Number of protein chains: 2
Amino acid sequence: MKRRQTEAASSRLVQRHAASCESCPLRRLPSFRAFAPEELKFVSQLKVGEIIVPLGHVLLSEGQSSDMLYTLLEGWMYRHKSLTDGRRQILNFALPGDFIGLQSAMFKEMQHSVEALTEVRLCVFPRNKLWSLYSQQPGLAFDVTWLAAQEERMLDEHLLSIGRRTAIERMAYLLLLLHRRIAQLDLLMDDGFELPLNQQHVADTLGLSIVHTNKTLRKLHDFGVISWRKRTLRILDQTKLARVARFEDSHTGPRPLI
Amino acid sequence: MKRRQTEAASSRLVQRHAASCESCPLRRLPSFRAFAPEELKFVSQLKVGEIIVPLGHVLLSEGQSSDMLYTLLEGWMYRHKSLTDGRRQILNFALPGDFIGLQSAMFKEMQHSVEALTEVRLCVFPRNKLWSLYSQQPGLAFDVTWLAAQEERMLDEHLLSIGRRTAIERMAYLLLLLHRRIAQLDLLMDDGFELPLNQQHVADTLGLSIVHTNKTLRKLHDFGVISWRKRTLRILDQTKLARVARFEDSHTGPRPLI
DNA sequence: CGTTACGTTGAAAGCTTTCAAGCATCGTGG
DNA sequence: CCACGATGCTTGAAAGCTTTCAACGTAACG
């Protein structure tokens, strides 16, 4: 397997004027549950600011700890971890609304890294305020656990995928899942969306080599099921893709946005 | 891939006299954090009883919901999920002290099943009391999240294993991990322990076929690294096994027992 | 116009699975 | 006590899926 050096994270974090949570456009999406006024107020005072982080920046890294927690507001990130010889596994992608850094809040050391796939905008709050959330807002505390359970679910499915699906099934599953997640965020543009990954990312997500990833994508393309050109992915035949993936929908109702 | 029918769960659950949490022998192990008296009292009143469930019983199953949550007190269980054609992936094993059913508490439907690998004894409490835990005992609520994050960590590592480790590395990793977990529970008998799995379980955990699982185990055996006879596994050369697995220790301090 | 990053392909090698049989152990029933 | 069926473990061989190796093509950039 090929070794890859970690990308230099030479970037400067830019502190920005923080918009209020009440006006956060994400909250208006139907996939997020409505917060009571005092919940909103509480969440607002957790927030210490927003940052913008450039493509390639490693926000959290394996083996280190972090005093900050984040909510992704814009852009894509990915969670991954590696073996000592450089083999890398992508664990999941983070999209707007996703909570980042729970593990760093619970344990001393991160055991995975989180890196930006695009320029991203993040909401920042200090890890030590998390405790006040538990002591003052049990509903939000429950929400944090809910989010952790939700992440667990996605990992379960990903594990089933890598362990038991064939290459083409995995690919179909991944593309369909990303499509759904993007759709829920209302980021679909006439059935396509911007996919800021290269084939190496896809390979490292699916546990495949890059060559086989390429050939598998080609098959889906030749079957007329997808089209992926210039960073935009289009699902041309959802039904067929879902059949290939043995995709089963999981309706989870609205989720919290913290 | 071979299809497997789900085992019949014809068993009868036996309601038992419930021992108090204060006297629970698990709590005396150093791997569990000490609870304050009022925490103990609170946990005690969550509990509605204990059940004993026979080998092969499906405690929770994919697609269904559950009103009860559990803590495993004795025995082994495993979490797994399957594709429609029967291919199965084992997600994780549950050992004494493990909390079972968080997903059923958070969502309407379970997306995985939990089944007994041995006869097991479980502590039972109703899902609807979980809310009182969040509203009255923020420390315990934090613990529940901690446990969820811990499960997430194990899944991350498992994903790395299946996605990027070779068959023999995966096998080494799994056996070493189980060894560590058993050791922490003080269930080691002169460097060996009872492993209530067959090779099919191991195959379904590692994403391998049963034949290849057999051959991989044989290699480790022939190298003199392990011995697995009559349900008891012995790690003969931990250092070598850790090297093969590229195992990296993760020290997490004591964990909560709920 | 050379460099770099990324995508594409064909061919060979290698790891895993599938197929087929044969063994061993264990509990049951004759 | 022994035959028999059910499980689970082993093996060899062939087939198949994936990876590795090697090149080549393309687009973006300075």
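What you are looking at is a predicted structure, and each value in this text was computed from that prediction instead of being measured. Naming convention: chains lettered A, B, ... in sequence-line order (proteins, then strands); numbering from 1 in each chain.
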Are any side-chain N or O atoms of B/Asp204 and backbone N or O atoms of B/His201, one a donor and one an acceptor, separated by less than 3.5 Å?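 Judged by distance alone, no pair lies under 3.5 Å.
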Could you pull out all residues at least two apart from [X] that satisfy side chain to side chain contact (heavy atoms under 4.5 Å, CB included)?
X        : result
B/Asp237 : B/Val225, B/Thr239, B/Lys240
B/Ala116 : B/Val53, B/Met77, B/Val120
B/Leu188 : B/His179, B/Ile182, B/Ala183, B/Phe193
B/Gln150 : A/Phe107, B/Trp146, B/Arg153, B/Met154, B/Thr252

[X] [atom1] to [N] [atom2], straight-line distance once rounded to whole Å:
X        : N      : atom1 : atom2 : value
B/Leu206 : C/dC15 : CG    : P     : 18 Å
A/Arg231 : C/dC6  : CZ    : P     : 10 Å
A/Asn198 : C/dT8  : CG    : C1'   : 14 Å
B/Ile162 : C/dC15 : CD1   : C1'   : 16 Å
B/Arg229 : C/dC23 : CZ    : P     : 22 Å
B/Gln200 : D/dT10 : CD    : C1'   : 15 Å
A/Leu195 : C/dG7  : CG    : C1'   : 15 Å
A/Leu197 : C/dC6  : CG    : P     : 12 Å

Produce a footprint string for nucleotides 25-30 of chain D: one letter per nucleotide, 5' end first; B if the base is under 4.0 Å from any protein heavy atom, S if only the sugar-phosphate is, - if neither. ------
List for me each residue that meets ring pair (Phe, Tyr, Trp, His ring centres under 6.0 Å) alongside A/Tyr173, sequence neighbours excluded, and say none if there are none. A/Phe247
Sorted by chain and residue number, the ring pair (Phe, Tyr, Trp, His ring centres under 6.0 Å) partners of B/His112 (sequence neighbours excluded) come out as none
Counting only side-chain N and O atoms of B/Gln199, is one of them less than 4.0 Å from OP1 or OP2 of D/dT7?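 Looking at the OP1 and OP2 atoms of D/dT7, neither is under 4.0 Å from any side-chain N or O of B/Gln199.
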Qualifying residue, where the test is side chain to side chain donor-acceptor pair (under 3.5 Å) with B/Asp156 and the options are A/His80, A/Lys81, A/Arg79, A/Gln89: A/Arg79
side-chain hydrogen bond (donor to acceptor under 3.5 Å, both in side chains) partners of residues 210-220 of chain B, not counting sequence neighbours, each pair once: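 Counting only pairs at least two positions apart or across chains, the side-chain hydrogen bond (donor to acceptor under 3.5 Å, both in side chains) contacts touching residues 210-220 of chain B are B/Gln199-B/Asn214, B/Arg218-B/Asp222.
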Residues from residues 209-219 of chain A sitting under 4.0 Å of DNA chain D, heavy atoms only?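 Residues of residues 209-219 of chain A under 4.0 Å from DNA chain D: A/Ser209, A/Val211, A/His212.
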